[in-house]
Amino acid sequence: MSKILQKAQEYENSSLKNETEQQKRLRPRFHFSTPVGWCNDPNGFSYYNGKIHLFFQYHPYSTQWGPMHWGHVSTTDLINWKNEKTAHTPETPADESGCFRGNALEKHARHLLVYTGVSKQNGIDIQNQCIAWGDGETYEKSAKNPVITAKNIPFEYTTTDFRDPKIFEKNGNLYMLCALKQKDGKGCLVMFKSSDSLAEKWEFIATIDKSKDGLSGMWECPDYFTLQDTEFLIISPQEMKANPKLGFHDGNNSVYITGKLDFDKGIFTRTVRPENNYTAAQIDYGIDFYAPETIQLSDGRRILIGWMQAWESYITPKENLWSGMMTIPRELSINSGRLVQNPVKELNFLRKNPQNFTIPSNTKGTISSQDNRHFDLEIEFSAQKGIFSLHLAEEKRSENSFPSYIEIKYDAEKKELSFDRSHTQNAGAISSRSVIIEPNSNGNIKFRLIADTCSVEIFANNGLTAFTNAFFVPPENTGLYYESTLNGEIKCQFFTLGTD
Ligand code: FRU
């Protein structure tokens with residue numbers, strides 16, 4: 001093990017050992033959170049040697065982004081994550097400034113990792129693609145790194161923005177999709193092919209799709225997969241302009257595109273999405289969701305996980321030892337042509353203390369349970385007028401006339417679901433967001449809320465819309481209050497969620 005890797009490992013181990021019970025209470029219970037320091041994107045979400053592996057963009061030494069390492073955890077149930085040894089540190093000439101986002105697959109019974117190596121050229125950080133092989137515990141970078149550079153690309157581009165390889169196998173060949181910034185500043189996806197079993201030699205195939213129709217700016221973090229015969233491309237475009245009609249917000253978005261990838265011509269032809277009559281649709285409408293990655297499990301399920309934070313709105317409290325969580329892994333499916341996301345079924349094993357109740361029209365009340373901060377709440381109603389609101393993680397009202405709280409609201413007339421953390425001390429630059437939720441074909445609206453210590457993910461109408469938001473509020477704030485002026489009663493099913 002190199003000295004730099006050993007240092008990262010020791011730092012992580014000693015920080016975890018010294019974490020107090022009080023500090024542990026600030027962590028999510030059933031979402032992945034970085035062991036220490038900072039984490040962003042999921043990387044190399046893959047199946048290898050009997051376990052599901054998740055790597056992540058990692059800077060162990062502070063709760064801010066810094067020279068990128070690859071942290072590593074594994075799981076067998078997608079809920080409990082076991083800490084593994086840090087996989088990469090920035091240390092070789094090909095990645096001295098950082099080991100950026102990448103991907104993984106099993107090959108020759110070994111675990112092949114691909115990642116972006118950031119290195120210096122005339123004092124400037126440039127990005128190229130690198131590989132490493134491992135056994136699920138330790139990884140060795142190839143001496144041939146970087147294996148893809150500007151030499152492989154037959155046109156000029158911005159060498160500071162060429163990253164985030166997605167690797168997959170098809171017809172006995174390896175393919176890699178990478179995001180790249182064109183000379184005009186727009187994003188595109190380039191495809192490479194390799195018939196080299198060591199994955200060291202690659203040839204450029206084509207630019208398969210590029211930024212157009214408002215999907216402007218650099219594209220990050222591509223993924224590509226087939227789900228129920230539909231081919232999906234996932235990308236995370238930067239610098240988008242808000243377009244409420246299409247469901248896009250200002251800045252970084254994560255979207256999916258469907259269509260057909262022609263491997264001979266190297267062209268991805270887009271189809272129009274039923275969600276918004278456009279060629280791309282938002283994956284998650286909340287504030288805290290970015291750079292998702294998927295895995296196909298051996299039972300056939302396609303599972304997506306995303307970084308549960310936003311580049312534009314940092315809300316981690318100063319005293320936290322860590323910054324960065326992932327969403328609950330979500331099973332993807334298609335219903336009437338639309339993408340559906342639901343928490344993996346493994347989460348249901350955490351359900352405890354069931355309560356069924358009805359909230360009549362025009363009432364206020366309190367939900368009291370064994371654990372008001374970790375729960376799974378399903379609600380269903382039919383209403384055309386009025387508002388339902390839920391205050392979550394509210395400070396004791398008797399002790400403060402302006403208590404801190406998180407508000408989740410549905411306005412039936414506007415058909416608008418909203419999240420608001422502006423009444424907390426860690427609201428961030430973006431403190432609220434909303435999304436339009438149309439009733440189902442039977443006229444009903446259904447929400448499933450998954451609340452953990454620092455987040456609430458809402459899945460509307462059986463997973464047709466996902467809405468993910470994070471917050472940092474003291475664990476003692478356990479008030480859970482509702483108020484309804486809806487012209488219809490609300491049926492509720494409540495479970496606490498616990499890992500013990
Ligand atoms: C996306 C991203 C990637 C990059 C990584 C760096 O969040 O910007 O494009 O590889 O983060 O940490």
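Order of appearance sets the numbers: ligands from 1, and atoms from 1 within every ligand.
- Salt bridge absent: Lys166 and Asp164 never bring a charged side-chain N and a carboxylate O closer than 4.0 Å.
- No side-chain donor-acceptor contact under 3.5 Å links Thr453 and Arg27.
- Side chains of Thr468 and Asp288: no donor on one and acceptor on the other come within 3.5 Å.
- Aromatic ring centroids of Phe56 and Phe32 lie under 6.0 Å apart.
- Residues passing the salt bridge (charged side-chain N to carboxylate O under 4.0 Å, His left out) test with Lys201, sequence neighbours excluded: none.
- Enumerated by chain and number, the residues approaching ligand 1 to less than 4.0 Å through a heavy atom are Asn40, Asp41, Gln57, Trp65, Met68, Phe100, Arg101, Arg163, Asp164, Glu220, Cys221, Tyr290, Trp311.
- Residues Glu91 and Ser2 bring a donor and an acceptor atom of their side chains to less than 3.5 Å of each other.
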